[in-house]
Amino acid sequence: MSRLAEAPVPLGDTGRFFIDGDWVKPSTDSVFDVIDSATEQPYFRVAEAQAMDMDLAIGAARHAFDRGSWPRMTHAERATYLQAMADELEARAADYSAMWPHESGVLYAFAQASEPGIPSTLRFYADLAADFPFEEEFIPSSTTLAGGGYGLLVREPVGVVGAIIPWNAPLPLALIKVAPALLAGCVVIVKVSPEAPGAGYLLAEVAERVGLPRGVLNVLTADREVSELLVRDHRVDKIAFTGSTAAGRRIGEICGGRIARCTLELGGKSAAVILDDADIGVAAATLAGAECFLSGQVCASLTRIVVPRHRHDEFADALAAAFSAVQVGDPFDPTTQMGPLAMERQRDRVEHYIAKGVEQGATLLTGGGRPKHLDRGFYIEPTVFAGVDNKHVIAQEEIFGPVLSVIPADNDEHAVDIANDTIYGLNAAVFTPDAARAREVAGRLRSGTVGHNGMRIDMDTSFGGVKQSGVGREGGREGLLPYLETKTVLLDAKPT
């Protein structure tokens, strides 16, 4: 391992929670051990929140919203805090890049390349303070119930937000919730994953550094049972969740029962539709390269490749050749192209699905096991299955690992049917040199995003899914709307 990989964790006291503007001692001595994904050794340790700790965080957030200054500031005033947080995060970007590979297995080179985009999320929402229509004037209608001479359509903060963050890309996914919530005037409780809590602690240190008012941002680490207390509590107005569809169903059920707002960014089983005029070699190399990111632990991964039947074997061979050539190893090694999975249970999950694919009769072209040259770390070989039936388990269930399924289709119509034959609808792609043809097929795919000739996602515009891939959108101006409630104000005359 490099000296960088062995560097100490760049955080302060991870044995406390950040609640109401202070570092608070936990109610018990219970802790989580964060395991390094590449070495299987303990990386650092964080306090584990219990029911009392969660109650304290919710109470602090509720008081900050109901009695504090934050919701009563102007949007421009709140934007200055977001800009200050962006500056501080920029100064500490290297700290996050050093932690992310240990926790989630992402390549250090990719983490470094991502550094500029992290503070940009805060700056984007800060800039919206200048021109987003938080208030719009209108003339009330002439109906008996309306009346009045002046109307305002006002978009106000939804209230206390519980933001539940996953382990694969914790800081970007936290910011895509925290930034719009703070601009809107909401206060936030960030519940980070026990497997990757570093981002939450870094965010808390940034909030403390810039002097964010007490209770506006609270951060703790908890398991599922205590996390559910956040979802159930009537003092929490909205839940913003990124994670599995199974967990999202549970959150949606609880929020529906108490009519709480929720945004759910859930799983995917995204299809890449290869049209008959696509360049097979280029498409195969592109898809194999995209799957290296975070070792396939990405909800938007294009893991179902739908290809014309007469080109199936040619494409499957090209994909297997490209994917098998990927160098798997230490995420801090600059020659590595794909790192480990994040944790042992994730590797167990991927191995289970690989075994299921073989059992159901799909052809294993490459991979399927653990790399022989690596004796520690949660590694798995890049894996390609050919001749997959869309009804196979590996074609229907999210694996969350570097496992690609090649599925033959009779024609374009059949390919679209296969792509849409899933409970998910998060991402998709169409491979063809013809942009008009790509647009036509994209219009028939039931997916929140469709890319042309690659895995393309634009979090600065809008991201989210249809069907069981989620509810609502994150990113861009669209991502601000879920943190706002619309109020109609009807007055006799325009106020002076």
Can the ring centres of W100 and Y43 be said to be less than 6.0 Å apart?
no

Is the ring centre of F315 less than 6.0 Å from the ring centre of H310?
no

Close side-chain approach of E291 and M455, heavy atoms under 4.5 Å:
no

Let's go through K177 and E474 carefully: what are the C-alpha distance in whole Å and the side-chain angles of both, what is the deciding distance for salt bridge (charged side-chain N to carboxylate O under 4.0 Å, His left out) to 0.1 Å, and is it a yes or a no?
CA-CA 7 Å; K177 298 168 177 55; E474 293 189 310; 3.0 Å; yes

Qualifying residues under ring-ring contact (aromatic ring centres under 6.0 Å, His included), relative to F293, sequence neighbours excluded
F110

Set out, in order, the CA-CA distance, both residues' side-chain angles and the distance that settles salt bridge (charged side-chain N to carboxylate O under 4.0 Å, His left out) for E413 and R444, then state yes or no.
CA-CA 10 Å; E413 191 72 31; R444 295 156 61 196; 2.6 Å; yes

Would you check if there is a donor-acceptor pair between the side chains of E381 and T383 at a distance under 3.5 Å?
no

Check the side chains of D277 and T432 for a donor-acceptor pair under 3.5 angstrom, ignoring hydrogens and angles.
yes

In terms of heavy-atom contacts, does CZ of R446 have more than 12 from other residues, nucleotides or ligands at under 6.0 Å?
no

Locate the shortest heavy-atom distance separating A325 from Q337; write the atom from each residue and the value.
O-OE1, 3.6 Å

Taking atom types as modelled and ignoring hydrogens, do the side chains of R304 and N390 form a donor-acceptor contact shorter than 3.5 angstrom?
yes

Indicate whether the side chain of S97 and that of Q112 have a donor and an acceptor atom separated by less than 3.5 Å.
no

Tell me, yes or no, whether the heavy-atom count around R209 atom CZ, taken from other residues, nucleotides or ligands under 6.0 Å, exceeds 12.
no

Taking CZ in R439 as the centre, count heavy atoms belonging to other residues, nucleotides or ligands within less than 6.0 Å. Is the count above 12?
no

